[in-house]
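Step one of this worksheet: look at the structure below.
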Amino acid sequence: MERESSTPASSWLGIDEAAPFAGKKATKAAAEDAFFRRWPKVVNATLVVFIMTMPPLLILLGGGRPGAPAVWIKSTVASLAARGEPKKDVLLGGLLLPGFDEQSCVSRYQSVYYRKNMTRPPSPHLLRRLRQQEALQRRCGPGTEPYRRASERLRSGQNAGDDFVATVDGCGYLVLISYRGLGNRILAITSAFLYAMLTGRVLLLDPGKTMADLFCEPFQGTSWMLPGDFPLEHFRDLGEDAPESYGNVAVNRSGSVAGLRFVYAHLDHGATPANRLLYCDDHRQFLHRVQWVILRTDSYIAPGIFLNPAYKEELDMMFPNKDAVFYLLSRYLLHPTNDVWGMVTRFYHSYLKNADERLGIQIRVFDGDEPFQHILDQILACTSQEHLLPGVVVSGGGGGGVAPPPIARIRDMYWRSPSATGEVVSVHQPSHELHQHFFRSTHDMKALAEMYLLSLTDKIVTSGWSTFGYVGSGLGGLTPYIMIKPENHTVPNPPCVRAMSMEPCDHGPPYFECTKKEIDKIIDTGNLVPHVRSCEDVPWGRKLAGPIS
């Protein structure tokens, strides 16, 4: 059942952002739409504070309940030359290639004008590997004869077995299932692409219901979208107990793939240890005998890949800076469509362009965290502790009465009282959605635009456990201040910590050593190699980081 929003869609574009956030709970729908699923209920918002010599902004970017169908205005951005922008390296040091149709995907070459210079340049070896992957995608992708033959083999089961070579025609395939929320999917795409490069496979994305509305094609002359006539029926329903699952093949079949048309890799954050053995696979055990690998993950699996000694030399050459994997791969792969980019640029030019300093604050509220008072107390404690927001001059004579809603408190604090530094802070909220939903086009488009707006800040505060926050900080190359997940409606002490790197956290890494593969023993994999450590917000998670300073 479609749920209507009480807020006009036009408010996203800045017509009534100054209106207070009422903090009301969304009413439950009588029935759930058959085409979307609801992950644990969360409330998402993103504050982006802008310190300026002229009036700055504090922006609340919501991320939740889809509203009424919105009329999205297509991007009509004036030429950069007409705006008099200084020339920048639109190819990002060779990360991108020239030759794409600029008008079909304005963000590809224009986003550099909205960001600072690259904080981590791509290595020459990464550039070589990207060019090789592009050639592979073109030679073996949808519409080619090798793809047609591979699809026919998959349909018929022809040549599947222990004597089969996956790279027949020189083409192997990794199909990524579209799974869970947008933040999860973005993390999955970037890390699956890394795995595809390391194993010499073509990456094909299950488009789901929204992917084509969100991102441009990253490769010239081919598509990374899985065609609609993909011959494997019900592949989205595969689970850990499937006969083709990696764990079953590795443990119960002793690596034999006889009679299997594909291998299913299940790397959900709650995957069994047997299925997590994939992290330790060197692609020479049995996967080289399978042309098709189907992957399901809701996580950023890169840290687990970096624990595999088989890939160490190659990864060291590709990424001398281990804290820039997501940053570089996302800047290469993920270019918003013109509709999404139009949302970003219109809001940017209306409210953010003239800011001297921008601070983004992304908020995720979990089930059981209502009312929100402690969340706002945590935000204020964090920004005060880290000197990220100016204090206010408190005047006497304050009256009593009903306290304003929590988010409105921040707006009112800077509206009613001058800041101690003389700067002015105003509040805007481009989206008034309350809850996260999956596979709704307008919802995902707004969420992606908000992630990109968040990435255009100078400093950033994010909520622990939030993939939305991971993406926002990673896209911008920003090392975030992470707000620790509160317990029992109490502000943690400290309220936030500075992250060790801008890399996302993998919530479901392996907990065994690849050289031993003792899956029945749990060890601290955050101490095996210097650049894979425990996450600040999820202690059992793992993230990539640079050398300890």
Side-chain angles (χ1 to χ4, degrees), residues 136-137 140-142 146-161 164-168 171-180 184-185 187-209 211 223-253 255-272 274-279 281 283 285-301 304-305 439 508:
L136 180 67
Q137 298 274 154
C140 302
Y147 177 83
R148 184 192 62 77
R149 288 192 289 268
S151 296
E152 184 55 37
R153 293 187 195 99
L154 182 62
R155 180 182 293 106
S156 65
Q158 173 190 358
N159 293 333
F164 180 72
V165 178
T167 55
V168 61
C171 302
Y173 298 88
L174 178 67
V175 176
L176 179 63
I177 296 174
S178 187
Y179 189 46
R180 299 227 162 115
N184 300 86
R185 280 176 274 157
L187 298 179
I189 289 169
T190 52
S191 50
F193 178 70
L194 174 63
Y195 183 74
M197 280 202 296
L198 291 171
T199 56
R201 292 181 178 270
V202 172
L203 176 64
L204 296 176
L205 303 185
D206 167 21
K209 300 180 184 301
M211 288 302 294
S223 175
W224 68 341
M225 294 296 180
L226 189 69
D229 60 354
F230 182 59
L232 190 61
E233 296 182 0
H234 310 300
F235 70 97
R236 297 182 184 92
D237 299 327
L238 289 166
E240 285 192 291
D241 56 351
E244 301 88 354
S245 73
Y246 185 94
N248 184 55
V249 175
V251 176
N252 299 325
R253 294 174 59 109
S256 173
V257 293
L260 299 182
R261 295 182 293 164
F262 62 93
V263 165
Y264 168 63
H266 186 93
L267 291 181
D268 177 271
H269 70 278
T272 63
N275 278 292
R276 295 186 204 201
L277 279 170
L278 178 68
Y279 282 112
D281 193 287
H283 219 257
Q285 297 176 51
F286 58 82
L287 284 182
H288 66 285
R289 298 193 295 272
V290 181
Q291 191 165 24
W292 292 90
V293 174
I294 313 298
L295 172 63
R296 181 193 303 275
T297 184
D298 57 357
S299 301
Y300 181 64
I301 63 174
I305 295 173
F439 308 114

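Since the model is a prediction, treat every value here as computed from it, not as a measurement.
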Practice task
Determine whether Val251 and Leu277 make a side-chain contact, defined as any pair of heavy atoms from C-beta on separated by less than 4.5 Å.
Solution key: yes
Problem - Verdict with reasoning, Tyr279 to Tyr246, per ring pair (Phe, Tyr, Trp, His ring centres under 6.0 Å) - result: CA-CA 11 Å; Tyr279 282 112; Tyr246 185 94; over 10 Å; no
Problem - Close side-chain approach of Arg185 and Ser178, heavy atoms under 4.5 Å - result: yes
Problem - Which atom of Gly200 lies closest to which atom of Leu136, heavy atoms considered - result: O-CD2, 3.6 Å
Handout entry: Taking every non-hydrogen atom, the tightest pair across Asp268 and Arg180
Key = OD2-NH1, 2.9 Å
Exercise for the section: Find the distance between CG (Leu204) and OH (Tyr173) and round it off to the nearest 0.5 Å. Expected result: 7.5 Å
Exercise for the section: Determine whether Gln137 and Arg201 make a side-chain contact, defined as any pair of heavy atoms from C-beta on separated by less than 4.5 Å. Expected result: no
Handout entry: Considering all heavy atoms, the nearest Leu260-Pro243 contact
Key = CD1-O, 4.4 Å
Problem - Distance in Å, Phe193 CZ paired with Leu205 CG, rounded so as to fall on 0.5 Å steps - result: 10.5 Å
Practice task
Classify the side-chain pair Asn275/His266 by whether it contains a donor and acceptor separated by less than 3.5 Å.
Solution key: no
Fill in the blank from the handout: Heavy-atom nearest pair, Pro207 first then Leu226, reads CD-O, 3.9 Å
Exercise for the section: Indicate yes or no: at least one non-hydrogen side-chain atom of Leu154 is less than 4.5 angstrom from one of Gln291. Expected result: no
Handout entry: Straight-line distance of Ser151 OG to Phe230 CZ, nearest 0.5 Å
Key = 7.0 Å
Practice task
Could you tell me whether the side chain of Ser191 and the main chain of Tyr300 form a donor-acceptor pair under 3.5 Å?
Solution key: no
Handout entry: Backbone N/O of Ala258 and side chain of Arg253: donor-acceptor pair under 3.5 Å
Key = yes
Fill in the blank from the handout: d(Leu238 CG, Leu232 CG) to nearest 0.5 Å is 6.5 Å
Handout entry: Any donor-acceptor N or O pair under 3.5 Å, side chains Asn248, Ser245
Key = no
Exercise for the section: Using atom types as modelled and distance alone, determine if a side-chain donor or acceptor of Asp206 lies under 3.5 Å from a backbone N or O of Ile177. Expected result: no
Practice task
Dump the intermediate steps for side chain to side chain contact (heavy atoms under 4.5 Å, CB included) on Leu176 and Thr297, then the final yes or no.
Solution key: CA-CA 8 Å; Leu176 179 63; Thr297 184; 4.1 Å; yes
Practice task
Using a 4.5 Å cut-off on heavy atoms from C-beta on, say whether the side chain of Tyr195 contacts that of Ile305.
Solution key: yes
Completion exercise
Here the gap from Arg153 atom CZ to Trp292 atom CH2, rounded to the nearest 0.5 Å, amounts to 10.0 Å
Exercise for the section: Kindly indicate whether the side chain of Val293, heavy atoms from C-beta on, has any atom under 4.5 Å from the side chain of Leu287. Expected result: yes
Handout entry: Test item: side-chain donor near acceptor, Arg296 and Tyr264, under 3.5 Å
Key = yes
Exercise for the section: Would you indicate whether the side-chain heavy atoms of Glu244 and Val263 approach each other to under 4.5 Å? Expected result: no
Problem - Side-chain touch Ile189/Trp224, heavy atoms, less than 4.5 angstrom - result: yes
Completion exercise
Value for OG (Ser299) from CG (Leu267), rounded to nearest 0.5 Å, stands at 8.0 Å
Problem - Residues Glu152, Arg155: salt bridge by 4.0 Å N-O rule - result: yes
